[in-house]
Each structure stands twice: as C-alpha cells, then as structure tokens.
Student: 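To start, I am sharing the structure in question, which I have written as structure tokens.
Residue numbers begin at 1 in each chain, while the letters A, B, ... track the order of the sequences. What you are looking at is a predicted structure, and each value in this text was computed from that prediction instead of being measured.
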Number of protein chains: 2
Amino acid sequence: MVPAPRTARAVARAELTRAILDRAKAQLAEVGPAALSVRQIARDLEMASSAVYRYFPSRDALLTALIIEAYDDLGEAVEAGDATAERADLRGRWTGLARGLRGWAVAHPHEYALTYGSPVPGYAAPQDTIASAARVSTALLTLVADAHAAGRSPVATRPATEAELASIAPVRSFVVDELDEAYTVRGLMAWATLFGNVSLELFGHMYRGVLDYEAHYATLVEQLADDLGL
Amino acid sequence: MVPAPRTARAVARAELTRAILDRAKAQLAEVGPAALSVRQIARDLEMASSAVYRYFPSRDALLTALIIEAYDDLGEAVEAGDATAERADLRGRWTGLARGLRGWAVAHPHEYALTYGSPVPGYAAPQDTIASAARVSTALLTLVADAHAAGRSPVATRPATEAELASIAPVRSFVVDELDEAYTVRGLMAWATLFGNVSLELFGHMYRGVLDYEAHYATLVEQLADDLGL
DNA sequence: CGAGAACAGAGAGCGGTGCTCTCTATTCGG
DNA sequence: CCGAATAGAGAGCACCGCTCTCTGTTCTCG
C-alpha cells in the first residue's frame, strides 16, 4: 500500500516482515494452523519473541496475513489452470480451472484448511481477505459468462430467485453485465460442488475404501462441464 | 459397550463422565472448539483439572467424544428430515433430508465446524467416529437407491468409473445391493453439493451481499431434486 | 550537525494452557 | 476384613500469547 521510504530501516523492516511470514508459512505447512507458534517462529529466526510483535500485533494478525497469501496463491493456481486452454475452449478452461483448484488444495492442505475450513481466529473474517478471496469466484464467473456469451446454455435449470441474483450482484457489476439466470444457478452449484468435493476429500470424509480421488474428481469435473453446457 | 457394573462407583463415574461431556458441549457451543479448555470445564464442575483426566485421557479424547456426539446429532436430524415425508414421496424425503442437514448445521455451527470443518486434533480421524459419521451418507444413499428401485433416473449422466463404484462399495453392500451407475455419480455429486453449500455458507464464503441463504438453499435443493429425477 | 523523536530489540513477567506426578481418601472384590 | 483398584486434589513442568520496561539505534528536522 504505502510506497515505503527507502531508508535502511524500512528495508530491514520489509525484509524481516517477509522472513517472519516465510517462516510462519513453513511452520504452517509442517504443523498446521492450530500449532503455529509465535515463540517458535522467533526461535527459528533467533530473535526475542517480543520482537515479532513489532511486525505483527498478534498471532491472529499473522494468521490473517497467511490467509491472504493462501487466497492469492490459490487464485493464481486457478487462473493459471484457466489459462492453460484457449479462451474459446470453454471446456478446456473449465477442467484447467478445476484441476488448478484441487491440485493446489492437495498440495497445500493446511493452507486450504486455513481458507476454506472452519475459521481459526475468534471469527470475523477480516475485510482485507475478500479481494484475494474473490479471485477464484471471479475466474469461475467469468468462464460462465463467456459460455453464455458464446450462446451456450446449461441443462434444464430452474430460474434463479432473488437470492441467487443478489448473491452475484456485487461481482456481476464489474465482471459481466449480463448473465443468464440458469447460468447463475448452475454456476453457484458448480462452485459449491467443487469446493464441497475438495473439502470432503481433504478433511477425510470420502469413503475409507480405496477411492481414487483423482479419477473421481475427473468424472465430477466432466459431469459439471456437461451440466454447464461447456 | 460394556454393560457397566451397577456399583455406586460405576454409577458415579457414568454420571460425571456425562456431566463433563455436557459441560464441554456447552462450552463448545459458546466459544468454539479451539477455545475449549479442560481447566475451564473443571472449574465449572468445581473439581480439580487433574481429576478430569481420570475420565478423558486428553483434551483430544474429549473432542473426539464431542465429534461422535455431533455426528450422531446430525445423523438424527437428517434421518428425522427424511422421515417427515411418506416413504414413496421421494422428493419430500429429499427436501426434508436436505433441510435437516442445513437446519442442524445452522443451529450448531461449532459442532458442524468440528465435524465437517478442518480437523482440529493432530489429524487422524479416529476410527470410532466412522459409524456415526456414516449415518448421513447412508440416509442419502438409501434415498437414491429407493429412487432407482422406483424406476426413476437422473438427468443425463456420465457412467461411473471404477473410482465411484469403489467409493460406495462398503456402504452399498449392506444398504442396497443394486445401484444405478448414473445414480452413483449423481448421488455423490448431490452429497458434495449439499455439504459444499453449507460449508461455504457457515464458513463465510457466500457473497457478502444481502444473500438470503434460506431461499438460495431452497433453490439449490429443488434443482438437485430435479437432477436426481425425484 | 546535532537534538529529539521514532523505532527496534531484548528480557522479565503475567496469566493462561495441557498434562503428569505424587499423595491421600474412598470404594471395590475376594 | 484386607489388599487392590480407583478417585480426587494439589503442586509443578513446559509451553503459549502477550505486555511492559529498558536500552540502543536510526530516523527527521531545525
């Protein structure tokens, strides 16, 4: 936000802030959000634990920073997946997007838990996170809007109610100004289905058999593409 | 499990175990899983914190007991929802089941987070929980099997792969011995969509507008019923 | 350039946590 | 009735997040 004056002190501050964040990220990946310890980070960085509080006012603030980074990482992965196919290849973009989502989640389970699991801090999702969090839904909505613009349409779908229309109103305004009612409903469903599947898999709710998650997810994604008329 | 000998000591033990569990449950509902404190429970019950460990070997064990109760409560709510309609009224059973799920989750957000959010203990979902956890998916699978038996069929659906078939194999054996491939895929999708929606709502990922969750969920449930051919 | 303000780091300490160990009192089964 | 099993209490350990105070450094500005 702030351009940061180029004083030696400001540079050192930026570097140490980054170092703390990196160390926290590493610890998060190792032991998970619940066991993330400010004191341990300080020990790793060979500094007094109290000094860390010069950079992050609380453990929750540190976690919030990690959450934002996680949202951005995920957003990037999803956008990259979307970009693996030609713009007109809607189905390719969809599967890329979906694979990007699950691939990132499987590779970063603790980060995924931090963002899409139960809220860890006292609650109150910080306002700072919404911009980063919106990247995924924006990518998905854009794809759906592109499908509609290309004359596609989903399988038989109920008309959207006020609720659905209201839910995408904020995003719709600056992403796309016309979105089919049916696509709104199907889009929200696909969104929930994708995250539902990934959450159920990562949080240990898939059947304990020898389920091939990868293959199962592939079928799911293809079916959703069919339903979306891609 | 054990018939429990009727000694005064055994009775007292059972009562205190129950009291601890109840107090823990109340605390869980108030402050959430992360802030649940063995010491606080002991204070509430006016006993030494060390005494609690005579009943639950660790905080995680206590949480596990709460998880099992939560699964059972949810299972009961879902089964009750399913039972609000006549056995042959598949659509009524479906909406009842779905409303039971969300209704319980909204009424018990911390319990829902404990079960379907990110795993709180070190990981390793205890084996004890699976029987209770299976109640929901059993109810859903039974409904889908009943639909198939009644000659219904879902909208155009891809054939199930080995993955899907394997995933329901353990349940299929004692719930229903023949289940359509298409219904397997659609059933798993509906399962993921339902939980995905509830999780996204409860964990704060629904769009920050004035979204009427209730109405949105109703539309979703109806659409899923359509897709399932109910 | 130099003075005063702003900042960074360290250390001690507070109140909290989960959990263990030891000691005593009670209740059980043979 | 007596020895063994059990229950409770209390002290204590190692950790946690966080605050406060003190010192040294680096900045800004007259």
Student: Mind calculating the distance between CG (B:L16) and P (D:dT6) to the nearest angstrom?
Tutor: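 About 16 Å, once rounded to whole Å.
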Student: Between A:E69 and A:R18, does any side-chain N to carboxylate O distance fall below 4.0 Å?
Tutor: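 Here A:E69 pairs with A:R18 in a salt bridge, since their nearest N and O are under 4.0 Å apart.
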Student: For residues 43-51 of chain B, which residues have at least one heavy atom under 4.0 Å from DNA chain C?
Tutor: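 Residues of residues 43-51 of chain B under 4.0 Å from DNA chain C: B:R43, B:S49, B:S50.
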Student: Should A:I130 and A:Y71 count as side-chain neighbours, where that means a heavy-atom distance under 4.5 Å?
Tutor: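 No; the side chains remain at least 4.5 Å from each other.
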Student: Look at all strands and tell whether A:Y55 reaches a base, only sugar-phosphate, or nothing, counting heavy atoms closer than 4.0 Å.
Tutor: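 Result for A:Y55 = sugar-phosphate.
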Student: Please name all residues satisfying ring-ring contact (aromatic ring centres under 6.0 Å, His included) with A:Y183, sequence neighbours left out, ordered by chain then number.
Tutor: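 In terms of ring-ring contact (aromatic ring centres under 6.0 Å, His included), with neighbours along the sequence ignored, A:Y183 is linked to no residue.
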Student: How about A:S199 and B:S199: does a side-chain donor come under 3.5 Å of a side-chain acceptor?
Tutor: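 Per modelled atom types, A:S199 and B:S199 side chains form no pair under 3.5 Å.
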Student: Just how far is it from atom OG1 of B:T193 to atom CG of A:N197, taken to the nearest 0.5 Å?
Tutor: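 Reported value, rounded in 0.5 Å steps: 8.5 Å.
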Student: May I ask you to decide whether B:E201 forms a salt bridge with B:R102, counting only side-chain N to carboxylate O separations under 4.0 Å?
Tutor: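 A salt bridge links B:E201 with B:R102.
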Student: Taking any heavy-atom pair under 4.0 Å as a contact, classify A:L36: base, sugar-phosphate, or nothing.
Tutor: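 The answer is sugar-phosphate, as A:L36 gets under 4.0 Å only of primed atoms, P, OP1 or OP2.
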Student: Do A:D44 and A:R39 sit within salt-bridge range, that is, some charged N less than 4.0 Å from a carboxylate O?
Tutor: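 Judged by the 4.0 Å cut-off on N to carboxylate O distance, A:D44 and A:R39 do not form a salt bridge.
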Student: Sequence neighbours left out, what passes salt bridge (charged side-chain N to carboxylate O under 4.0 Å, His left out) with A:E76? Give chain and number order.
Tutor: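 Checked A:E76 against salt bridge (charged side-chain N to carboxylate O under 4.0 Å, His left out); zero matches.
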Student: Flag the pair A:E222 and A:R99 as a salt bridge only when some basic side-chain nitrogen lies within less than 4.0 angstrom of an acidic carboxylate oxygen.
Tutor: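 Between A:R99 and A:E222 there is no salt bridge, as every charged N stays at least 4.0 Å from the carboxylate O atoms.
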Student: Between C1' on C:dT17 and CG on B:L63, what's the gap in Å once rounded to a whole number?
Tutor: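 Value for this atom pair: 14 Å.
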Student: Can you check whether B:Y116 and B:Y112 have ring centres sitting under 6.0 Å from each other?
Tutor: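 Yes, close enough.
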Student: What about A:R39: does its side chain form a donor-acceptor pair under 3.5 Å with the base of D:dG17?
Tutor: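 It does, because a donor-acceptor pair links the side chain of A:R39 to the base of D:dG17 below 3.5 Å.
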Student: On the nucleotide D:dA7, are OP1 or OP2 found under 4.0 Å from the side-chain N or O atoms that B:R13 carries?
Tutor: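 Yes, such a contact exists.
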Student: Rounded to whole angstrom units, what separation is found between the CG atom of A:L62 and the P atom of D:dC16?
Tutor: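 Nearest whole value for this atom pair: 14 Å.
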Student: Could you go through B:K25 and B:D73, starting from their C-alpha distance and side-chain angles, then the distance that decides it, and tell me whether this counts as salt bridge (charged side-chain N to carboxylate O under 4.0 Å, His left out)?
Tutor: CA-CA 12 Å; B:K25 211 166 180 173; B:D73 282 0; 3.4 Å; yes
Student: If you write DNA chain C from 5' to 3' in dot-bracket form, with Watson-Crick or G-U pairs under 3.5 Å, [ ] for crossing pairs and | for pairs with another strand, what do you get?
Tutor: ||||||||||||||||||||||||||||||
Student: Mind checking the CG-CG spacing from B:L188 to A:L220? Nearest 0.5 Å is all I need.
Tutor: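 Here the rounded value is 8.5 Å.
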Student: Between B:Y53 and D:dA7, is there a contact of a side-chain N or O with OP1 or OP2 at under 4.0 Å?
Tutor: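 Indeed not, no polar side-chain atom of B:Y53 lies that close.
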Student: Could you give the distance from CG (B:L36) to CD (B:Q27), rounded to the nearest 0.5 Å?
Tutor: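 So the CG of B:L36 and the CD of B:Q27 are separated by 4.5 Å.
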Student: In the 5'-to-3' direction, what one-character label does each nucleotide of nucleotides 22-27 of chain C receive under the scheme B = base within less than 4.0 Å of a protein heavy atom, S = sugar-phosphate only, - = no such atom?
Tutor: B---BB
Student: Would you say the side chain of A:W104 lies within less than 4.5 Å of the side chain of A:V78, judging by non-hydrogen atoms?
Tutor: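 Sidechains of A:W104 and A:V78: no contact.
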Student: Short of 4.0 Å, heavy atom to strand atom, which residues of residues 20-27 of chain A count as contacting DNA chain C?
Tutor: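 Close to the strand, none.
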Student: Nearest-Å distance, CD (A:E15) to P (C:dG9)?
Tutor: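 Taking CD of A:E15 and P of C:dG9, I get 12 Å after rounding.
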